[in-house]
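Residue numbers begin at 1 in each chain, while the letters A, B, ... track the order of the sequences. Hydrogens, waters and symmetry mates play no part in the numbers below; they use all other heavy atoms, side chains included.
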2 protein chains.
Amino acid sequence: MLETTHRKGAETRERLLAAAESAVLAKGFAATSIDELIAAVGITKSGFFYHFKDKADLAKSMMLRYLEHDRAVLDDIFRRGDELNEDPLHGFLVGLKLFAEMLGNLPEAHPGCLAASFCYQDQLFNREIRELNAEGVLAWRTRFRERLDVIAFRYPPRSEVDLEAMADMAATLVEGGLILGRMLGDVTILPRQIVLYRDFIRSVFLPA
Amino acid sequence: MLETTHRKGAETRERLLAAAESAVLAKGFAATSIDELIAAVGITKSGFFYHFKDKADLAKSMMLRYLEHDRAVLDDIFRRGDELNEDPLHGFLVGLKLFAEMLGNLPEAHPGCLAASFCYQDQLFNREIRELNAEGVLAWRTRFRERLDVIAFRYPPRSEVDLEAMADMAATLVEGGLILGRMLGDVTILPRQIVLYRDFIRSVFLPA
DNA sequence: CGATCAACTGGACTCGTGGTACAGTAGGTC
DNA sequence: GACCTACTGTACCACGAGTCCAGTTGATCG
């Protein structure tokens with residue numbers, strides 16, 4: 001009965017991580033106090049240190065949680081794109097459309113990326129956390145690069161293209177789009193960038 | 001003789017701002033202590049508060065300095081692009097090439113954008129600073145949008161394009177490219193994204 | 001029924017940091 | 001000789017992060 005017994009701990013831990021994530025996205029890691037997290041969750045400081053050995057441990061747990069969530073969402077979106085169209089290019093284009101739609105319907109008023117927040121404060125963290133961050137980006141690169149390779153084989157572009165940069169462009173536009181969206185308080189910026197990315201992909205592999 | 005006399009103050013202030021900028025890009029604003037800044041510059045705490053009334057005043061001054069520098073660099077790059085080619089599209093494409101080259105030759109090992117750093121810590125700042133940040137993005141949008149409007153008039157694209165998003169894409173790729181470059185420790189990522197942006201612009205207005 | 005363990009509570013303590021206050025001073029300027 | 005700029009020096013306070021450790025509660029297991 002591991003599922004039902006003693007599960008209160010995992011739930012409290014999850015609530016701490018969720019509170020920490022929204023606070024870090026709003027104020028940064030250093031400005032996020034343990035006191036505010038325990039106040040939000042309703043436990044004491046000692047309770048916090050029962051779950052995390054120190055603040056660095058919290059940071060690492062936040063990243064692991066974030067990366068896992070990120071991976072799951074992306075897997076789901078592009079798997080559905082593939083299901084809707086057998087062709088690698090058109091399946092990818094459908095996936096990008098779904099992706100843009102999802103980004104436009106995010107519930108948060110000011111969505112953000114934890115990895116981006118951490119990368120502008122990376123001197124606060126140890127090597128382990130920075131490596132987790134790099135792994136996350138490489139996962140995006142690999143994921144998109146594999147698709148582009150398959151697509152480029154079936155639809156050879158007429159001129160040389162930097163497929164790696166094209167794969168990175170997805171993550172680049174997401175990170176940049178989140179930043180611009182936050183700065184201007186405009187949640188349409190990010191999905192529109194993804195739509196442009198989709199246009200770009202199509203124009204490279206399907207010239208008019 | 002305002003230029004030569006009493007100029008030591010402005011110089012110290014500038015050194016404080018420069019030290020603050022590199023510290024903030026490495027650790028974030030909250031984790032940047034006044035003590036480390038005065039140690040780096042070689043003055044006392046009282047000296048710091050002679051130049052800035054409090055930390056918020058420092059933040060505002062940092063943003064103003066950053067935006068001004070940003071504006072000057074961009075003005076210079078694209079003015080040179082225009083000088084090298086009269087045509088609005090080709091002048092812009094030359095400017096983008098110069099821009100990519102400049103971004104590839106940045107002296108810092110881990111360049112970053114102060115505005116991006118601030119936007120992931122915006123709850124630390126007052127409305128005034130957030131507005132400065134938004135103005136900075138809008139300046140990029142306006143700058144690129146004006147060019148794209150002129151180009152679209154001379155080279156009408158065959159299908160509808162979201163010119164605003166295309167203008168924002170420049171800043172989006174710079175912000176995102178800086179983040180990916182930092183995460184992977186790869187300074188080539190950003191210039192390659194700008195090259196792709198250039199390819200995209202060309203393919204929209206000059207279909208093969 | 002008693003032992004065990006997860007999930008905490010409570011309290012006391014240290015240290016760094018932001019920020020204030022204020023008095024003093026070196027050196028160039030008018 | 002008065003004045004101003006650009007500081008130094010010292011003392012002080014409040015707050016919050018983070019550490020440590022001892023104790024407690026309530027469910028579970030043999």
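With a 6.0 Å cutoff to the six-membered ring centre and a 45° limit on the axis angle, Lys55(A) does not count as a cation-pi contact of Phe48(A).
As judged by a 4.0 angstrom heavy-atom cut-off over every strand, Lys45(B) is placed among the base-contacting residues.
The distance between atom CZ of Phe49(A) and atom C1' of dC21(D), rounded to the nearest whole Å, is 14 Å. Nucleotide dT19(D) holds its P atom 7 Å from the CD1 atom of Ile34(A), rounded to whole Å. The CG-C1' distance, from Asp54(A) to dT14(C), rounds to 17 Å in whole Å. Atom pair Phe48(B):CZ and dA6(D):C1' shows a separation of 15 Å (rounding to whole Å applied). The interatomic distance linking Tyr50(A) (OH) with dA7(C) (C1') rounds to 5 Å, in whole Å. Atom pair Glu14(A):CD and dA7(C):P shows a separation of 15 Å (rounding to whole Å applied). In this structure, the CZ atom of Phe29(A) is 7 Å from the P atom of dG18(D), given to the nearest Å. In this structure, Ile38(A) places its CD1 atom 12 Å from P of dG18(D), rounding to the nearest Å.
In this structure, of dT17(C), dT9(C), dG19(C), it is dG19(C) that holds the atom nearest to the side chain of Lys55(B).
For the side-chain hydrogen bond (donor to acceptor under 3.5 Å, both in side chains) condition, the pairs that include at least one residue of residues 28-38 of chain B, sequence neighbours left out, are Lys27(B)-Glu36(B).
With respect to Arg79(A) and Asp76(A), a salt bridge is recorded, a charged nitrogen being found less than 4.0 Å from a carboxylate O. A salt bridge links Asp82(A) with Arg147(A): the distance from a Lys NZ or Arg NE/NH1/NH2 to an Asp or Glu carboxylate oxygen falls below 4.0 Å. A salt bridge does not link Arg145(A) to Asp168(A): none of the charged nitrogens lies less than 4.0 Å from a carboxylate oxygen.
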Give every pair of a protein N or O atom and an N or O atom of nucleotides 22-25 of chain D that lie under 3.5 Å apart, one pair per line with the distance.
none

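Between His51(A) and dA7(C), a side-chain N or O to OP1/OP2 separation shorter than 4.0 Å is absent. Contact between the side-chain N/O atoms of Thr12(B) and the OP1/OP2 oxygens of dC7(D) is found at a separation under 4.0 Å.
The aromatic rings of Tyr197(A) and Phe92(A) sit perpendicular to each other, their planes meeting at more than 60°, with 30° as the lower class boundary.
Remark: the backbone N or O of Asp162(B) is not paired with any side-chain donor or acceptor of Arg192(A) at under 3.5 angstrom.
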